[in-house]
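It should be emphasised that the depicted structure is a prediction, and the values quoted were computed from it without experimental measurement.
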Amino acid sequence: LYIDTEPTDYLETKLISINQKDIKRVEVKTPKGSYAISRDSKADIFIEDMPKGKRAKGNDYEDVFNALNDLDCSDVLPEAQVEAKWDTTYTSRQKSGLSYTVQLAKTDDGKYYAKLSAKGPTVGDITITQTESEEGLKKKEALLLANDEAKAFAPRHAGWAYEISS
């Protein structure tokens, strides 16, 4: 009989997996400043407010845009046990209106931690009529599903800090 001995052997390591085509905009705030990366109507990814005549160096910004494609962790701790400054925020806004926010911190021993939250789109009273178009129904369904996803995601991750690779 073999029994796993590490608690992390039972840990679901996949934290977030977002289809990159669903990402509309990413906002990054660091102690040194902030910036935003967006996707235009042709699906091209670009840094917002790039000064005229300037170009992005390489395409690292595309990796930042897609950082939540597959966010994994190697360990988890209660948030209060992480002694570090949560000084970087990464927010990924989806076409559906769902937003994921990752707060990041680096400890003195070089480990990186993430705190996760999600917010759904503002959903007021949704009325469906008998003459509702198929497209209208799909938009309303997408709003409701995104809101449900945020409501399920947020409490599952509240109070936890996830160790991630740099």
Within this structure, what is the CZ-CG distance for the pair F153 and L98, rounded to the nearest 0.5 Å?
8.5 Å
Could you give the distance from CG (L143) to NZ (K138), rounded to the nearest 0.5 Å?
14.5 Å
Distance col, row I164:CD1 vs S74:OG, nearest 0.5 angstrom, shows 9.0 Å
Please check if any side-chain donor atom of Y100 sits under 3.5 Å from a side-chain acceptor atom of E149, or the reverse.
yes
Rounded to the nearest 0.5 angstrom, the OG-CG distance for S38 and D49 is 9.0 Å
Consider only side-chain heavy atoms of I, L, V, M, F, W and Y, link residues closer than 4.5 Å, and tell whether V26 and F46 are in one cluster.
no
Heavy-atom closest contact (R156 atom, Y162 atom, distance)
O-OH, 4.1 Å
Let me see the working for T30 and D87 under side-chain contact (heavy atoms from CB on, under 4.5 Å), right down to the final yes or no.
CA-CA 6 Å; T30 73; D87 61 1; over 6 Å; no
Do L104 and L77 land in one hydrophobic cluster if side-chain heavy atoms of ILVMFWY residues count as linked below 4.5 Å?
no
Taking NZ in K14 as the centre, count heavy atoms belonging to other residues, nucleotides or ligands within less than 6.0 Å. Is the count above 12?
yes
Is there a chain of hydrophobic side chains (I, L, V, M, F, W, Y, each step under 4.5 Å between heavy atoms) that links I18 to L145?
no
Answer yes if the side chains of Q94 and D22 hold a donor-acceptor pair under 3.5 Å, and no otherwise.
no
Mind checking the CD1-OH spacing from I37 to Y61? Nearest 0.5 Å is all I need.
8.5 Å
Looking at R25 and E27, is any side-chain nitrogen of the basic one under 4.0 Å from a carboxylate oxygen of the acidic one?
yes
Tell me the closest heavy-atom pair linking G120 and N147, and the distance in Å.
CA-OD1, 3.8 Å
For K95, does the NZ atom have more than 12 heavy-atom neighbours from other residues, nucleotides or ligands under 6.0 Å away?
yes
What's the shortest heavy-atom distance between A146 and P121, and which atoms?
CB-CD, 3.7 Å
Please find the pair of heavy atoms, one from V28 and one from Y90, that lie closest to each other, and give the distance.
CG2-CD1, 3.9 Å
Are more than 12 heavy atoms from other residues, nucleotides or ligands located less than 6.0 Å from atom CG of D108?
no
Ion pair R39/D44, N-O distance below 4.0 Å:
no
Distance-only polar pair, side chains of T13 and D72, donor-acceptor under 3.5 Å:
no
Minimum heavy-atom separation for K29 to S34, with atom names?
CG-CB, 3.8 Å
Look at the side-chain heavy atoms of Ile, Leu, Val, Met, Phe, Trp and Tyr, link any pair under 4.5 Å apart, and say whether Y113 and W160 land in one connected group.
no
Axial cation check for W86 ring with K115, 6.0 Å and 45° limits:
yes
With sequence neighbours excluded, tell me which residues meet side chain to side chain contact (heavy atoms under 4.5 Å, CB included) with A84.
V82, A105, T107
Does N66 use its side chain to pair, donor to acceptor, with the backbone of E62 at less than 3.5 Å?
yes
Taking the side chain as C-beta and beyond, is there a heavy-atom pair between L116 and T101 under 4.5 Å?
no
Between S17 and N69, is there a donor-acceptor pair closer than 3.5 Å when you use the side chain of the first and the backbone of the second?
yes
Would the number of heavy atoms belonging to other residues, nucleotides or ligands and lying under 6.0 Å from NZ of K140 be above 12?
yes
For L15 and C73, which heavy atoms make the closest approach, and how far apart are they?
CD1-CB, 3.7 Å
Output for pair (F65 CZ, I23 CD1), nearest 0.5 Å, gives 5.0 Å
